Amino acid sequence: MRIEEEILQGYLLKEETLKEYGFSFTNGRYIKKYPIFNGDFYAEISFFKGKIKGRMIDASFDDEYALFNNENSVGEFVGRLREEYQKILLDLRDHCYRKALFPDYQAERIAGYIEKTYGVKPEFLWEKYPYFGIFRNKKNERWFALIGQVDDNKLGKDEPGRTTLNLKANPDLYNELINTKNIFPGWHMNKKSWITVSLSDYLPDEYIHSLIDMSYQEIDALGIAKKYPRKRIRNNKNKK
């Protein structure tokens, strides 16, 4: 695992904070350089379309220090460089990232759409599955959406694992929907009335919004749900 992935896993970039933190914006990229060891080296961190890239530059040659990113490279000097770089990433995380509700950018956007449209935040009910969040219809307390994660082959042979969204389907549209690429019969739900929609940017946000609206309307028409105790595993207010 790359150092960036190790430090930033489970966090999402707040891109609007980068300039304030000292990044310059050039040719569609945010870039910042950090001197290390009195300027003998410097770490260059850049962002392009929200994705981070880090390089360690040897200032004497103004060229990338190749041993830094070689996982097989060991030794005191390389280790010290990596320690300095880790400190930089931790500080960057503290200032320009926030803790993610879900480890998937599209899932975060979808959760934001649901909150904005229906005033509902996710509930995390299972300690064993910290990134499974359910959304309830305020009128009848029934679930109308579930964001979760599935492993490889769970949605079909040779289908890779991904973040998914379970939704209630309009019966007249069910067959059409499950024959749409990247939409499947409801995984871990009633396969005759629920669908599982691939997130992780397999499908555009606007299309998924329409499916969420469909699900909300289907659940809205049902009666009051049986009361089950709410057990909130994570406190969503502690977000950076």
Side-chain angles (χ1 to χ4, degrees), residues 1-113 115-116 122 124 130-131 133 147 149 152 160-163 199-202 204-205 234-240:
M1 180 182 289
R2 293 169 53 233
I3 297 177
E4 295 88 356
E5 294 174 347
E6 182 179 345
I7 299 294
L8 301 174
Q9 188 174 33
Y11 289 80
L12 292 176
L13 176 67
K14 298 185 291 184
E15 191 169 302
E16 69 277 6
T17 66
L18 290 176
K19 283 189 176 181
E20 181 180 345
Y21 186 66
F23 279 77
S24 59
F25 187 73
T26 307
N27 297 325
R29 297 178 184 272
Y30 290 95
I31 299 175
K32 185 176 180 180
K33 296 180 180 180
Y34 300 79
I36 297 176
F37 300 156
N38 297 318
D40 292 337
F41 287 79
Y42 63 88
E44 180 188 270
I45 295 179
S46 62
F47 290 91
F48 181 67
K49 294 184 177 180
K51 294 184 178 181
I52 188 172
K53 180 180 180 181
R55 299 195 306 157
M56 187 63 65
I57 306 297
D58 185 339
S60 301
F61 301 97
D62 194 26
D63 198 6
E64 188 167 2
Y65 186 62
L67 293 178
F68 179 76
N69 288 321
N70 187 336
E71 294 183 358
N72 296 320
S73 297
V74 295
E76 180 181 356
F77 184 72
V78 172
R80 287 172 59 201
L81 277 178
R82 288 174 179 153
E83 286 179 4
E84 293 299 315
Y85 187 57
Q86 286 175 349
K87 292 177 184 177
I88 290 170
L89 289 176
L90 286 169
D91 191 66
L92 176 65
R93 189 182 75 183
D94 288 344
H95 287 86
C96 299
Y97 281 76
R98 66 174 176 85
K99 187 69 176 175
L101 289 175
F102 303 100
D104 179 273
Y105 281 98
Q106 189 173 39
E108 287 282 324
R109 298 194 303 269
I110 292 303
Y113 171 79
E115 181 176 0
K116 181 179 179 181
F124 300 90
Y131 292 113
I147 291 178
Q149 294 174 295
D152 292 348
R162 67 195 71 173
T163 301
L199 298 182
S200 306
D201 289 306
Y202 283 87
D205 286 11
R234 284 193 284 154
N235 184 351
N236 299 331
K237 296 181 180 178
N238 296 331
K239 297 185 295 181
K240 292 186 177 181

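In this text, all values refer to a predicted model and were calculated from it rather than measured experimentally.
- Here CG of L18 is found 7.0 Å from CG of L92. Values are rounded to the nearest 0.5 Å.
- The pair E84-K87 meets the salt-bridge criterion, since a charged nitrogen lies less than 4.0 angstrom from a carboxylate oxygen.
- In this structure, R29 fails the cation-pi test against F47, since its NZ or CZ atom is not both closer than 6.0 Å to the six-membered ring centre and inside 45 degrees of the ring normal.
- Cation-pi geometry between K53 and F48 is not met at under 6.0 angstrom from the ring centre and within 45 degrees of the axis.
- Using bins of under 30°, 30° to 60° and over 60° for the plane-to-plane angle, the ring pair F102/F124 lands in the tilted bin.
- Remark: I110 CD1 to D205 CG distance equals 5.0 Å, nearest 0.5 Å.
- With no hydrogens or angles considered, no side-chain donor-acceptor pair links Y113 and E108 at under 3.5 Å.
- Taking the centre of each ring, F37 and F77 come in below the 6.0 Å mark.
- Atoms CZ and OH, on R93 and Y97 in that order, are 10.5 Å from each other to the nearest 0.5 Å.
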Before you tell me yes or no, could you show the steps for I88 and I36 under side chain to side chain contact (heavy atoms under 4.5 Å, CB included), namely the whole-Å CA-CA distance, both residues' side-chain angles and the distance that decides it to 0.1 Å?
CA-CA 10 Å; I88 290 170; I36 297 176; 4.1 Å; yes
Please determine whether side chain to side chain contact (heavy atoms under 4.5 Å, CB included) holds for the pair M56 and N69, giving the CA-CA distance in whole Å, both sets of side-chain angles, and the decisive distance to 0.1 Å.
CA-CA 8 Å; M56 187 63 65; N69 288 321; over 6 Å; no
Can you list the steps and then say if H95 with T17 is a side chain to side chain contact (heavy atoms under 4.5 Å, CB included)?
CA-CA 8 Å; H95 287 86; T17 66; over 6 Å; no
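- The number of heavy-atom neighbours closer than 6.0 Å to CD of E16, taken from other residues, nucleotides and ligands shown, is above 12.
- Residue N38 places its CG atom among 12 or fewer non-hydrogen atoms of other residues, nucleotides or ligands, all under 6.0 Å distant.
- Salt bridge D201/R109: present, at least one basic N to carboxylate O contact under 4.0 Å.
- The distance from atom CD of E4 to atom CD1 of I45, rounded to the nearest 0.5 Å, is 7.5 Å.
- Note: E6 CD to Q86 CD = 6.5 Å, rounded to the nearest 0.5 Å.
- When the options Y85, F41, Y42 are evaluated for a ring-ring contact (aromatic ring centres under 6.0 Å, His included) with Y65, the one that passes is F41.
- Annotation: the span from S46 atom OG to Y30 atom OH amounts to 12.5 Å, rounded to 0.5 Å.
- Residues Q149 and S200 are not in side-chain contact: their nearest non-hydrogen atoms beyond the backbone lie 4.5 Å or more apart.
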How far apart are the C-alpha atoms of D91 and Y21, what are their side-chain angles, what is the distance that settles it, and do they pass the side chain to side chain donor-acceptor pair (under 3.5 Å) test?
CA-CA 10 Å; D91 191 66; Y21 186 66; 2.6 Å; yes
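- Judged by distance alone, with hydrogens and angles left aside, the side-chain atoms of R55 form no donor-acceptor pair with the main-chain N or O of A43 at under 3.5 Å.
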